[in-house]
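The basis for the numbers below is simple: all heavy atoms, side chains too, and nothing from hydrogens, waters or symmetry mates. Computed from a predicted structure; not experimentally measured.
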Amino acid sequence: MPDKGAVTLPAVGAREFRQAMGLFPTGVAVVASGAEASTEALTVNSVTSVSLDPLLVSVCLRPEARVCRRIAQRREFTVNFLAAGQRHLSALFASRSRPVGRQAQWQLGDLVSPRGSVLVHGALASLECAVETLAEGGDHVIVLGRVEALHLGDTDRDPLVFHRGDYTRLASYADAPGLRGSSVDRATTPGR
């Protein structure tokens, strides 16, 4: 039963769908493929853990995105989870005028994975992936990547979070009203 005041829309358009999806908070990542002159990178928030055996992640990209074409060509990419202090990188690589090539690598850092793609300096974690499958998904390409290496950064830092069309911060359970001093039932926590 919907909450009091909830609105049900019989026909849903792209604007309403985006508004609804904006209510779901996500992390922010930079997907990159290539290094030096071939570097292409793009900010995304559509990263999903798909499988533990084998280790698979998915990323959704527009087919016309330069990074999508680079991934299809090179058959490898990195997914770099941004920290709260990396909002500038998120904004830079979300823009239409985002840097490419050596300029992009300079912005992201000088770390290159053994497979040959940029790893974002200061990221919370970076995944090196080989393309398992590229599939059409409406107006996007679903890139399914097999995780071949994992690099952990300073995991004590907060993640960069996007919600309702803007950046936000996670609240700690210890700081949440009514939860101070209480235990949280792990059995009801998503993913447990």
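Within 6.0 Å of the CZ atom in Arg157, the count of heavy atoms belonging to other residues, nucleotides or ligands exceeds 12. Summarising the local packing, CG of Asp110 is surrounded by 12 or fewer heavy atoms from other residues, nucleotides or ligands at distances under 6.0 Å. Open room surrounds CG on Leu52; 12 or fewer heavy atoms of other groups in view lie less than 6.0 Å from it.
Looking only at side-chain heavy atoms (C-beta outward), Ser117 and Arg74 come within less than 4.5 Å of each other.
The hydrophobic clustering, which links ILVMFWY residues whose side-chain heavy atoms are closer than 4.5 Å, places Val47 and Ile71 together. Taking hydrophobic clusters as Ile, Leu, Val, Met, Phe, Trp and Tyr residues chained together by side-chain heavy-atom distances below 4.5 Å, Val28 does not share a cluster with Leu152. Using a 4.5 Å cut-off between side-chain heavy atoms of Ile, Leu, Val, Met, Phe, Trp and Tyr, with links allowed through other members, Val44 and Leu160 fall into different hydrophobic clusters. Under the 4.5 Å side-chain contact rule for hydrophobic residues, Leu61 and Leu134 share a cluster. A continuous path of hydrophobic side-chain contacts links Leu92 to Val118 [ILVMFWY only; heavy atoms under 4.5 Å].
Considering all non-hydrogen atoms of both residues, Leu170 and Pro159 come closest at CD1-CG, 3.7 Å. A pairwise comparison of heavy atoms in Gly27 and Asn45 identifies O-CB, 3.3 Å as the closest pair. Minimum heavy-atom separation, Ala41 to Val30: CB-CG1, 3.9 Å. Considering all non-hydrogen atoms of both residues, Glu76 and Val131 come closest at N-CG2, 3.9 Å. Of all heavy-atom pairs spanning Ala149 and His151, the tightest one is CB-NE2, 4.2 Å. Between Pro99 and Gln107, the shortest heavy-atom contact is CG-CG, 4.1 Å.
Atom OG of residue Ser90 and atom CZ of residue Phe162 lie 7.5 Å apart, to the nearest 0.5 angstrom. One finds the CD atom of Gln86 at 10.5 Å from the OG1 atom of Thr43 (value rounded to the nearest 0.5 Å). Atom-to-atom distance recorded for Ser33:OG and Gln73:CD is 8.0 Å, nearest 0.5 angstrom. Atom CZ in Arg98 sits 8.5 Å away from atom CZ in Arg96 (nearest 0.5 Å).
Although no hydrogens or angles enter the test, the distance criterion places a donor-acceptor pair under 3.5 Å between the side chain of Glu16 and the main chain of Gly13. Under a 3.5 Å cut-off, the side chain of Arg115 and the backbone N or O of Phe77 do not form any donor-acceptor pair.
Screening residues 28-47 for salt bridge (charged side-chain N to carboxylate O under 4.0 Å, His left out), with sequence neighbours left out, gives Glu36-Arg102, Glu40-Arg66, Glu40-Arg70. Sorted by first and then second residue, the pairs that involve residues 120-146 and meet salt bridge (charged side-chain N to carboxylate O under 4.0 Å, His left out), not counting sequence neighbours, are Arg62-Asp139, Glu132-Arg146, Arg146-Glu148.
With side-chain heavy atoms closer than 4.5 Å counting as contact, directly or through intermediates, the hydrophobic cluster containing Leu56 also holds Val50, Leu144.
For the side-chain contact (heavy atoms from CB on, under 4.5 Å) test with Asn80, the passing option among Leu127, Val120, Leu89 is Val120; the others fail.
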